[in-house]
Chemist: 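One structure follows; several queries about it will come next.
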Amino acid sequence: MARYTQLGNVSRQLSYFWLMLTLQHITIIGNGKVGQFMERNLSSRFQVTLVSRDGKTGHSFPQALAELIHKTGLILICVSDQAIKEVSEQIPHGKIRIAHVSGATPLEALSDKHPHRGIWYPLMSFTPDQYPDIKSIPFCLEATDEDTFTLLKDLTLAMGARFHKVDSEQRKVVHLAAVLAQNFSNHLYELAFEEMKKAHLDFDLLKPLLLQSINRLNYNSPADMQTGPAVRKDELTIARHEKMITNPLTLEIYRLMTQSIQQKHDPKL
């Protein structure tokens with residue numbers, strides 16, 4: 001066992017050595033939340049240049065690309081989904097590896113004039129004041145060729161993070177699931193916050209319950225954990241809640257969620 005462990009350590013060290021030789025410089029295009037996060041973390045191990053398309057921060061886009069194209073080993077496109085194709089087309093043709101970081105945009109969005117294309121998608125939410133530890137982020141990887149995939153894989157491991165090989169069709173599902181699970185649930189937190197505020201109650205009162213729900217996911221499926229008046233078919237409580245909700249859209253969401261829970265747990269409904 002010890003011999004295999006030593007061989008594994010040697011293999012990782014060789015991969016890291018190869019990565020450092022191949023990837024001495026990284027160019028990041030985009031100075032938004034993700035671009036700044038990547039620059040902050042990658043610059044601890046690599047020489048990194050942050051390129052801004054608007055010229056407000058970092059280096060201006062056209063001039064920087066002309067200067068960097070011959071020395072950079074990887075270009076990370078960290079712009080809006082709508083701008084990825086346009087930006088990739090403006091990058092000069094060559095053997096340089098380029099990758100975008102979007103969860104919803106397919107690999108085909110990168111211009112095929114670049115033979116080495118990939119995706120380095122961090123499955124995490126980014127806000128300006130709260131950046132996650134990069135080691136906690138699972139990265140979804142895809143590439144047009146094995147060498148580009150290996151480079152992105154080794155880059156992930158060098159940063160202490162985890163990777164998953166996920167193609168563009170699978171990543172669409174991952175992104176949809178992330179929106180349902182995180183974006184939508186956060187909006188429900190917002191609605192709950194408003195109801196608590198109207199009653200002069202502290203939202204912190206709910207946090208142990210919310211943390212319990214997250215922790216339970218380590219041991220159970222979401223379907224097994226469903227509780228509440230909807231799954232119990234407690235029509236009296238449901239009717240009482242509906243009378244309490246004054247916002248018409250919130251009431252509609254409450255009714256739709258109740259209906260969805262009941263249909264999932266009792267298909268006869």
Chemist: Counting C-beta onward and ignoring hydrogens, is there a side-chain heavy-atom pair between Thr27 and Leu74 closer than 4.5 Å?
Modeler: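 No, side chains not in contact.
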Chemist: Roughly how far, to the nearest 0.5 Å, is CD1 of Ile91 from CD of Glu86?
Modeler: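 It comes to 11.0 Å.
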Chemist: Could you tell me the separation between the CG atom of Leu217 and the CG atom of Asn215, rounded to the nearest 0.5 Å?
Modeler: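 Those atoms lie 8.5 Å apart.
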Chemist: With side-chain contact (heavy atoms from CB on, under 4.5 Å) as the test, would you mind laying out the steps for Leu188 and Ile253 before giving the verdict?
Modeler: CA-CA 9 Å; Leu188 292 176; Ile253 292 171; 4.0 Å; yes
Chemist: Got Lys85 and Leu110 here, is their nearest side-chain heavy-atom distance under 4.5 Å?
Modeler: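 A side-chain contact under 4.5 Å is absent here.
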Chemist: In terms of side-chain geometry, is the basic nitrogen of Asp224 or Arg216 positioned less than 4.0 Å from the acidic oxygen of its partner?
Modeler: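 Salt bridge between Asp224 and Arg216, a charged N being under 4.0 Å from a carboxylate O: no.
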Chemist: Check whether Leu157 and Leu151 end up in the same hydrophobic cluster, where Ile, Leu, Val, Met, Phe, Trp and Tyr are linked by side-chain heavy atoms less than 4.5 Å apart.
Modeler: yes
Chemist: Is it true that the NZ or CZ of Arg40 lies under 6.0 Å from the centre of Tyr131's six-membered ring and within 45 degrees of the ring axis?
Modeler: yes
Chemist: Please table the atom pairs, donor to acceptor, closer than 3.5 Å between any side-chain atom in residues 175-184 and protein atoms at least two apart or in another chain.
Modeler:
none

Chemist: Taking the side chain as everything from C-beta on, heavy atoms only, tell me whether Pro115 gets closer than 4.5 Å to Asp145.
Modeler: no
Chemist: Got a salt bridge between Lys197 and Glu194, using NZ or NE/NH1/NH2 to carboxylate O under 4.0 Å?
Modeler: no
Chemist: With side-chain contact (heavy atoms from CB on, under 4.5 Å) as the criterion, how do Cys78 and Gln36 come out once you've worked through the C-alpha distance, each side chain's angles and the decisive distance to 0.1 Å?
Modeler: CA-CA 9 Å; Cys78 302; Gln36 291 181 34; over 6 Å; no
Chemist: Hey, does Ile84 have a side-chain heavy atom less than 4.5 Å from the side chain of Val79?
Modeler: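 They are in contact (side-chain heavy atoms under 4.5 Å apart), so the answer is yes.
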Chemist: Does a salt bridge link Lys165 with Glu142, judged by any charged N lying under 4.0 Å from a carboxylate O?
Modeler: no
Chemist: Is there side-chain contact between Arg45 and Ile26, with heavy atoms separated by less than 4.5 Å?
Modeler: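 When only atoms from C-beta onward are counted, Ile26 and Arg45 do not touch, as no gap falls below 4.5 Å.
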Chemist: Counting only heavy atoms not in Met244, do more than 12 sit closer than 6.0 Å to its CE atom?
Modeler: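 Open: at most 12 neighbouring heavy atoms sit under 6.0 Å from CE of Met244.
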Chemist: Go through the steps to decide whether Val48 and His25 satisfy the test side-chain contact (heavy atoms from CB on, under 4.5 Å), and finish with yes or no.
Modeler: CA-CA 6 Å; Val48 176; His25 182 273; over 6 Å; no
Chemist: Closest approach of Pro229 and His241, non-hydrogen atoms and distance?
Modeler: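 Minimum heavy-atom contact is CG-CE1, 4.3 Å.
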Chemist: Measure the spacing between CG of Leu76 and CG of Leu50 and express it to the nearest 0.5 Å.
Modeler: 11.0 Å
Chemist: Side-chain contact test, heavy atoms from C-beta onward, threshold under 4.5 Å: evaluate it for Phe139 versus Tyr121 and give yes or no.
Modeler: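 Counting from C-beta outward, Phe139 and Tyr121 never come under 4.5 Å.
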Chemist: Report whether Met196 and Leu251 are members of the same hydrophobic cluster (ILVMFWY, side-chain heavy atoms less than 4.5 Å apart, transitive linking).
Modeler: no
Chemist: Would you say Gln226 and Ile261 make side-chain contact, with heavy atoms under 4.5 Å?
Modeler: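 Yes - at least one pair of side-chain heavy atoms lies under 4.5 Å apart.
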Chemist: Let me confirm one number: the CG-CD1 distance from Leu42 to Ile134, rounded to the nearest 0.5 Å.
Modeler: 5.5 Å
Chemist: Could you tell me which non-hydrogen atom of Ala230 sits nearest to which non-hydrogen atom of Ile238, and how far apart they are?
Modeler: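 Distance-wise, the nearest heavy atoms are CA-CD1, 4.0 Å.
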Chemist: Among Cys140, Ser168, Ser102, whose side chain to side chain contact (heavy atoms under 4.5 Å, CB included) with Ile119 holds?
Modeler: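 The option that passes is Ser168.
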Chemist: With a 4.5 Å cut-off on side-chain heavy atoms, are Gln90 and Ser111 touching?
Modeler: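 No, too far: nothing below the 4.5 Å cut-off.
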Chemist: What about Leu152 and Phe46, same hydrophobic cluster or not, with Ile/Leu/Val/Met/Phe/Trp/Tyr joined at side-chain heavy-atom distances under 4.5 Å?
Modeler: yes
Chemist: For the CD1 atom of Ile29 and the OG1 atom of Thr49, what is their distance to the nearest 0.5 Å?
Modeler: 11.0 Å
Chemist: Of the non-hydrogen atoms in Phe37 and Pro132, which two are nearest, and what is the gap between them?
Modeler: CE1-O, 3.2 Å
Chemist: Considering only NZ, NE, NH1 and NH2 on the basic side and carboxylate oxygens on the acidic side, decide whether Glu252 and Arg255 come within less than 4.0 Å.
Modeler: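 Result for this pair is no, no salt bridge flagged.
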Chemist: Grouping I, L, V, M, F, W and Y whenever their side-chain heavy atoms are under 4.5 Å apart, do Tyr189 and Leu206 come out in a common cluster?
Modeler: yes
Chemist: Could you go through Leu107 and Arg117, starting from their C-alpha distance and side-chain angles, then the distance that decides it, and tell me whether this counts as side-chain contact (heavy atoms from CB on, under 4.5 Å)?
Modeler: CA-CA 7 Å; Leu107 187 61; Arg117 307 183 301 280; 4.2 Å; yes
Chemist: Is there a path of hydrophobic side-chain contacts, each under 4.5 Å between heavy atoms, that joins Met159 and Phe163?
Modeler: yes
Chemist: With rounding to the nearest 0.5 angstrom, report the CG to CG distance, Leu205 to Leu210.
Modeler: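 Rounded to the nearest 0.5 Å, the CG-CG separation comes to 10.0 Å.
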